[in-house]
K.L.:
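Right, I'll just put the structure down here and ask away after.
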There are 2 protein chains.
Amino acid sequence: MQSITIKDVAREAGVSTATVSRVLNRNGYVSHEVRQQVLAVVKRLNYQPNALARSLKQERTRTVGMVLPDMTNPYFMAVARTIQRRLLAHGYRLFYMDCDEDAEREREAIRVLQEMRTEAVILAGTGGNADAVARMIEAGRTVVLIDRTIDGIRADAVTDDNAGAADEAAAYLLGKYGPRFGIITGPRSTSTSRERAAGVKRALERAGCPSDPALWYEGDYTRRAGMEAGHYFLGMNEPPLAVFSFNNEMTYGFYLAMKQRGLPLDALEVVSFGELDAAPLFENRLSVIRQHPDQIGEAAADIVVSRLEGGAEGEPVQRVIMPALETASR
Amino acid sequence: MQSITIKDVAREAGVSTATVSRVLNRNGYVSHEVRQQVLAVVKRLNYQPNALARSLKQERTRTVGMVLPDMTNPYFMAVARTIQRRLLAHGYRLFYMDCDEDAEREREAIRVLQEMRTEAVILAGTGGNADAVARMIEAGRTVVLIDRTIDGIRADAVTDDNAGAADEAAAYLLGKYGPRFGIITGPRSTSTSRERAAGVKRALERAGCPSDPALWYEGDYTRRAGMEAGHYFLGMNEPPLAVFSFNNEMTYGFYLAMKQRGLPLDALEVVSFGELDAAPLFENRLSVIRQHPDQIGEAAADIVVSRLEGGAEGEPVQRVIMPALETASR
DNA sequence: CTGTTAGCGCCTTCAC
DNA sequence: GTGAAGGCGCTAACAG
């Protein structure tokens with residue numbers, strides 16, 4: 001496990017470590033002859049520069065960290081993949097950390113990324129670590145919030161127009177079925193769920209409909225919660241005529257509940273905030289609010305790069321992506 | 001961005017850096033009084049130790065790297081999540097890198113992980129970087145292959161019994177439909193696809209059936225390939241009576257093709273190597289070979305830990321997980 | 001064009 | 001029980 005250092009290369013090539021460094025980093029002058037010589041030794045010894053040492057010296061790591069609440073959710077992975085591609089093109093590596101919607105593990109992940117000296121942190125927060133995030137920003141680190149904002153935190157953010165899209169979806173359901181549709185929310189700790197709920201309430205108020213608490217089920221963005229919500233709604237004396245689920249996983253859970261209760265999947269209409277992988281296979285009674293993860297990823301990556309390359313300072317940037325409601329065909 | 005160092009803490013607390021270090025690492029003696037004093041300053045200054053410097057000095061990073069071919073595939077993410085949990089419990093961090101089934105990016109990812117001095121690399125290889133992997137092993141690094149092995153590489157590995165499961169599935173289809181079922185393979189460069197193909201051929205031979213090349217479609221484990229295979233098979237004069245898809249994404253793609261062609265999803269039976277998220281929602285004509293990602297993840301993490309903690313040496317360990325065929329109800 | 005040197009932040013002997 | 005000092009591998013002045 002004894003690894004080869006720049007010294008070994010220098011000795012073997014009969015030059016100084018500085019020269020090797022210059023060859024490797026293509027800066028400073030070095031004769032063609034010596035360069036070839038050094039490169040040959042590098043290859044022969046299979047020398048791998050030590051990124052720890054380099055970063056320590058340069059006080060730059062060219063890395064970006066990302067903390068996600070759920071890496072098995074394809075939505076977040078689609079965002080992450082776009083970000084990674086874009087950052088890579090600018091010479092930055094991206095490290096993902098999964099915190100499993102758990103604030104404690106999120107805190108830990110943030111700590112690790114700071115200790116690693118990632119130059120920026122991209123965060124889809126659980127909402128439980130406002131203090132840690134605040135301290136990061138205070139310390140002058142670049143923080144970009146995606147998908148979810150955090151109460152009391154002023155930072156760059158890329159979010160959906162949650163209220164607008166939820167309002168539109170609720171209005172659509174109202175027009176089609178009246179006010180008897182169920183709502184499966186996310187956890188109150190997330191900004192997305194609160195905003196989506198506000199959007200629904202706005203639509204109900206505009207239509208002069210009171211909001212029936214029995215039609216609201218508070219989930220936590222997991223498949224299990226969607227399933228439980230499904231059993232709740234479908235077990236009612238008068239089940240709702242449609243359901244609005246606040247994320248893709250819960251939508252999937254809701255369908256599982258329908259299945260478990262022996263209902264056909266088109267028994268009622270479902271509106272899902274966020275796409276389902278399997279959506280195209282469903283029979284026409286699933287409406288989807290598309291979130292455009294690519295656009296979110298691109299915007300987030302662009303903000304990171306401009307903060308890191310361009311001057312660091314400036315007011316927080318807020319980018320809002322417009323989701324698109326695609327309604328079921330019947 | 002000027003970060004706080006151990007020196008700042010030492011000065012502020014009126015002690016030496018050695019003492020601060022001792023407090024932080026709970027080793028060596030330090031009086032209760034001084035310890036409290038130091039901890040207070042650490043908290044007040046929000047001091048974050050520099051992991052680069054610590055790792056450089058200790059020649060240990062307590063990190064493990066993982067290179068995956070497709071992070072949007074829930075199968076790999078399920079494996080990754082289990083590994084992460086288990087490694088975390090042993091004090092290791094896991095870094096994911098996504099190479100998008102691309103050998104070039106895989107090579108790059110391997111290089112980065114080595115430069116970061118991750119203590120082990122877990123790899124679900126594209127098959128295109130045998131040389132780089134060989135050099136890693138040669139250099140004494142811990143490498144654990146998961147899901148896929150690499151030709152000519154002797155390393156710890158956790159794999160499925162691909163041939164066995166494919167044989168069983170093919171025998172099942174043979175018994176039910178005779179030899180007229182289509183096969184959608186993965187890329188020849190992956191060991192999994194080659195082994196699964198061998199399993200199918202074994203079953204065919206045992207039944208005395210010749211293998212009809214027109215019934216084999218070579219995909220690349222992507223959704224798109226599954227879709228193209230779908231159009232190929234469904235466009236035949238005499239379409240097959242069933243289809244065996246070598247991974248979950250291609251299965252999904254195949255169903256998309258059925259949908260696009262206006263066929264009902266139960267028009268023919270599909271056997272999928274690897275689970276589909278949406279499987280439970282399908283109407284009874286999807287059979288699934290469950291791969292038990294949790295077991296794979298656990299085994300891989302255990303191997304890593306035992307290599308890193310226990311003595312490093314020993315013959316390569318081969319763990320084979322048995323997938324389970326769950327057949328459609330009709 | 002190339003070598004010498006100092007030091008990035010931390011841990012770890014070795015003194016006291 | 002605590003401090004002083006050296007060095008992990010590398011790069012960036014500064015000499016020559």
Side-chain angles (χ1 to χ4, degrees), chain A residues 1-39 41-42 45-63 91 111-112 114-119 139, chain B residues 1-39 41-42 45-63 91 111-112 114-119 139:
Chain A
M1 247 317 284
Q2 181 59 4
S3 60
I4 293 151
T5 75
I6 201 170
K7 259 187 182 161
D8 301 318
V9 176
R11 182 168 18 77
E12 205 75 7
V15 298
S16 74
T17 58
T19 300
V20 177
S21 174
R22 278 190 278 260
V23 169
L24 263 33
N25 300 294
R26 334 184 178 338
N27 61 5
Y29 294 91
V30 46
S31 72
H32 184 72
E33 202 171 294
V34 171
R35 141 166 275 117
Q36 295 309 88
Q37 165 77 346
V38 168
L39 288 176
V41 175
V42 163
L45 299 185
N46 188 28
Y47 166 68
Q48 315 259 160
N50 185 325
L52 301 167
R54 189 187 346 170
S55 295
L56 181 62
K57 171 67 188 169
Q58 296 192 138
E59 307 189 24
R60 284 213 68 177
T61 58
R62 300 198 73 85
T63 58
R111 199 178 56 74
V112 169
Q114 287 188 268
E115 292 192 354
M116 289 178 56
R117 300 295 188 260
T118 59
E119 298 182 20
Chain B
M1 250 315 286
Q2 180 60 5
S3 61
I4 293 151
T5 76
I6 201 171
K7 258 187 182 161
D8 300 318
V9 177
R11 183 169 16 78
E12 205 75 7
V15 297
S16 74
T17 59
T19 301
V20 177
S21 174
R22 278 192 276 260
V23 170
L24 261 35
N25 300 295
R26 333 186 177 335
N27 62 5
Y29 294 91
V30 46
S31 71
H32 184 73
E33 203 172 295
V34 171
R35 141 166 275 117
Q36 295 309 87
Q37 165 77 348
V38 168
L39 289 176
V41 175
V42 164
L45 299 185
N46 187 28
Y47 167 67
Q48 316 259 162
N50 185 324
L52 301 167
R54 187 185 349 166
S55 297
L56 180 62
K57 171 70 189 171
Q58 298 191 140
E59 307 189 16
R60 284 213 69 176
T61 58
R62 299 199 73 84
T63 58
R111 198 178 58 73
V112 169
Q114 287 188 270
E115 293 191 354
M116 289 179 56
R117 299 296 188 260
T118 59
E119 298 182 20

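Per chain, numbering begins at 1; letters A, B, ... match sequence-line order.
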K.L.:
Could you check how far CZ of A:R62 sits from P of D:dT11, rounded to whole Å?
P.N.:
14 Å
K.L.:
Does B:Y47 make a side-chain N or O approach to OP1 or OP2 of C:dG9 shorter than 4.0 Å?
P.N.:
no
K.L.:
Between D:dT11, D:dG9, D:dG6, which nucleotide gets closest to the side-chain atoms of B:K57?
P.N.:
D:dG6
K.L.:
According to a strict under-4.0 Å criterion, is B:N27 in side-chain N/O contact with OP1 or OP2 of C:dT12?
P.N.:
yes
K.L.:
Between C:dT2, D:dG1, C:dT4, which nucleotide gets closest to the side-chain atoms of A:A18?
P.N.:
C:dT4
K.L.:
Would you mind telling me which of C:dT12, D:dG9, D:dT2 lies closest to the side-chain atoms of B:E59?
P.N.:
D:dG9
K.L.:
A:T5 has a side chain; which of D:dC10, D:dT11, D:dG1 sits nearest to it?
P.N.:
D:dC10
K.L.:
Round to the nearest Å and state the distance from B:I4 atom CD1 to C:dC10 atom C1'.
P.N.:
16 Å
K.L.:
C:dC10 phosphate, OP1 or OP2: any side-chain N/O from B:S55 under 4.0 angstrom?
P.N.:
no
K.L.:
Does the side chain of B:S16 get closer than 4.0 angstrom to OP1 or OP2 of D:dG3 through an N or O atom?
P.N.:
yes
K.L.:
Hey, does the side chain of A:D8 reach the backbone of A:I4 with a donor-acceptor pair shorter than 3.5 angstrom?
P.N.:
no
K.L.:
Without decimals, in angstroms, what is the distance between A:K7 NZ and C:dT4 P?
P.N.:
12 Å
K.L.:
Could you tell me the separation between the CZ atom of B:R11 and the C1' atom of D:dG3, rounded to a whole number of Å?
P.N.:
17 Å
K.L.:
Measure from OH on B:Y29 to P on C:dT12 and round the result to the nearest Å.
P.N.:
16 Å
K.L.:
For the pair A:T17 (side chain) and A:I6 (backbone), establish whether a donor and an acceptor sit closer than 3.5 Å, ignoring hydrogens and angles.
P.N.:
no
K.L.:
Identify which one of B:V38, B:V41, B:L24 satisfies the side-chain contact (heavy atoms from CB on, under 4.5 Å) criterion when paired with B:Y47.
P.N.:
B:L24
K.L.:
What do you reckon, is CD of B:E33 surrounded by more than 12 foreign heavy atoms closer than 6.0 Å?
P.N.:
no
K.L.:
Checking all strands, does B:T19 fall into the base, sugar-phosphate, or nothing category for heavy-atom contacts under 4.0 angstrom?
P.N.:
sugar-phosphate
K.L.:
Could you tell me the separation between the CZ atom of A:R35 and the C1' atom of C:dC1, rounded to a whole number of Å?
P.N.:
12 Å
K.L.:
Closer than 3.5 angstrom, by distance alone: can the side chain of B:R117 be matched with the main-chain N or O of B:E59 as a donor-acceptor pair?
P.N.:
no
K.L.:
Closer than 3.5 angstrom, by distance alone: can the side chain of B:N50 be matched with the main-chain N or O of B:L52 as a donor-acceptor pair?
P.N.:
yes
K.L.:
To the nearest Å, give me how far apart CZ (B:R54) and C1' (D:dG7) are.
P.N.:
18 Å
K.L.:
Between B:H32 and B:Q58, which has a closest nucleotide on DNA chain D that is more 5'?
P.N.:
B:H32
K.L.:
Whole angstroms only, please: what is the CZ-C1' distance between B:R60 and D:dG9?
P.N.:
19 Å
K.L.:
For B:V34 and for A:Q48, locate the closest nucleotide of DNA chain D by heavy-atom distance; then report the residue assigned to the nucleotide nearer the 5' terminus.
P.N.:
B:V34
K.L.:
With no angle test and no hydrogens, is the base of C:dG3 tied to the side chain of A:R22 by a donor-acceptor pair under 3.5 Å?
P.N.:
yes
K.L.:
Please tell me if B:N50 has a side-chain N or O lying less than 4.0 Å from either OP1 or OP2 of C:dC8.
P.N.:
no
